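Here the structure is a predicted model, which means the values were calculated and not measured.
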Amino acid sequence: MLIVTARIPRRRLMAGGISALCCCLVLVVALVLSLNQGAVPASSSVQNMGDNSNRVAYLQQLGWTVEEEAISTQELLVPETLDESYDAYLTLLREQGFALEDYCGKHIQRYVYQITNYPSGRTDAQAVLLVYDGTLAGGHVQAQDGSFVSPLAFPTAAPAPSATT
């Protein structure tokens, strides 16, 4: 029988332990990033939205089926200051990662698309995208008559939409 012993200084042992922890951390981060790779961002990081086909493709990636052409296109001027009447809408946008406040005083394009696959079967649901210089500045899903407004994300179950005032 052969017994081998080795003496490792504490500094080297700690350095090895720290190196192993760093490697584990890198692996965890890589795993999380790879799992999120298929996720579609609903935030202002979405670029190239100046083209209709890109807007339709974006909505399809979110799970919506929409008519190929926008049913309405408008140029809007975002007010210099957003008063309390915008609070509920700003909250809805912030929850999706949008900051409409960044576009105060700027002209944005508003594109409205007819949704054809709303989960409850509604035929008046519309997707609205707000675009500034090719960048998605905001968006929501609404009823044509304004009776509800909800986030852009496709609902997993038919939600109880929030009423607008």
Side-chain angles (χ1 to χ4, degrees), residues 26-165:
V26 167
L27 289 174
V28 168
V29 169
L31 178 65
V32 168
L33 289 176
S34 68
L35 290 176
N36 286 337
Q37 191 172 20
V40 179
S43 71
S44 59
S45 63
V46 179
Q47 303 289 319
N48 301 321
M49 298 301 277
D51 182 52
N52 184 64
S53 61
N54 290 345
R55 291 188 298 272
V56 170
Y58 173 74
L59 290 169
Q60 289 172 343
Q61 289 174 339
L62 289 174
W64 298 112
T65 302
V66 297
E67 298 291 331
E68 287 297 317
E69 294 296 323
I71 57 174
S72 171
T73 302
Q74 297 173 306
E75 182 175 302
L76 304 174
L77 174 63
V78 179
E80 289 288 338
T81 56
L82 301 172
D83 61 23
E84 64 276 349
S85 66
Y86 287 90
D87 286 351
Y89 187 63
L90 291 174
T91 300
L92 175 79
L93 291 180
R94 278 189 215 108
E95 289 172 353
Q96 299 179 85
F98 298 114
L100 190 61
E101 300 90 337
D102 295 346
Y103 302 95
C104 286
K106 298 188 172 153
H107 291 270
I108 60 172
Q109 296 295 318
R110 179 179 186 260
Y111 300 96
V112 180
Y113 292 89
Q114 187 67 46
I115 294 175
T116 60
N117 68 331
Y118 196 79
S120 69
R122 287 187 78 128
T123 58
D124 66 338
Q126 301 172 334
V128 177
L129 298 177
L130 305 175
V131 178
Y132 175 76
D133 197 27
T135 301
L136 188 59
H140 63 274
V141 172
Q142 67 180 20
Q144 184 176 2
D145 64 3
S147 61
F148 78 86
V149 175
S150 62
L152 279 172
F154 191 84
T156 53
S162 62
T164 57
T165 54

Taking only residues two or more places apart in sequence, or in another chain, which ones meet Q126 in a side chain to side chain contact (heavy atoms under 4.5 Å, CB included)?
I71, V112, Q114, Q142, Q144
Any salt bridge linking E80 with K106? Criterion: basic side-chain nitrogen under 4.0 Å from a carboxylate oxygen.
no
With sequence neighbours left out, what residues match S53 under side-chain hydrogen bond (donor to acceptor under 3.5 Å, both in side chains)?
D51
Please report the shortest heavy-atom distance between V141 and I115, naming the atom on each side.
CG1-CD1, 3.8 Å
Donor-acceptor pair, T116 side chain versus T65 backbone, under 3.5 Å?
yes
Sequence neighbours left out, what passes side chain to side chain contact (heavy atoms under 4.5 Å, CB included) with Q74? Give chain and number order.
S72, L76, R110
Using residues 82-92 as the side-chain source, report each donor-acceptor pair under 3.5 Å to any protein atom, sequence neighbours left out, with the distance given to one decimal.
unit_1	atom_1	unit_2	atom_2	d
D83	OD1	S85	N	3.0
D83	OD1	S85	OG	2.4
Y89	OH	H140	ND1	2.9
T91	OG1	D87	O	2.9

Would you compute the distance between atom CG of L59 and atom CG of N54 and round it to the nearest 0.5 angstrom?
11.0 Å
Any non-hydrogen side-chain atom of L129 less than 4.5 Å from a side-chain atom of L152?
yes
For D133, give me all partners under salt bridge (Lys or Arg N to Asp or Glu O under 4.0 Å), at least two apart in sequence or on another chain.
none
Interatomic spacing from CG in D124 to CZ in F148 - rounded to 0.5 Å:
6.5 Å
Is it the case that the side chain of W64 and the backbone of Y58 share a donor-acceptor pair, with hydrogens and angles ignored and the cut-off at 3.5 Å?
no
For the CG atom of L100 and the CG atom of L93, what is their distance to the nearest 0.5 Å?
6.0 Å
Tell me every residue that passes salt bridge (Lys or Arg N to Asp or Glu O under 4.0 Å) with E67, counting only those two or more places apart in sequence or in another chain.
none
Heavy-atom side-chain proximity of V78 to Y132 below 4.5 angstrom
no
In Å, rounded to the nearest 0.5 Å, how long is the span from OG of S150 to CD of Q96?
8.5 Å
Those residues at least two apart in sequence (or on a different chain) that pass side-chain hydrogen bond (donor to acceptor under 3.5 Å, both in side chains) with Q60 are none
For Y111, all residues meeting ring pair (Phe, Tyr, Trp, His ring centres under 6.0 Å), sequence neighbours excluded
none
At their closest point, which heavy atom of Y103 faces which heavy atom of L136, and how far apart are they?
OH-O, 4.4 Å
With sequence neighbours excluded, tell me which residues meet side chain to side chain contact (heavy atoms under 4.5 Å, CB included) with N52.
R55, V56, E69, Y113
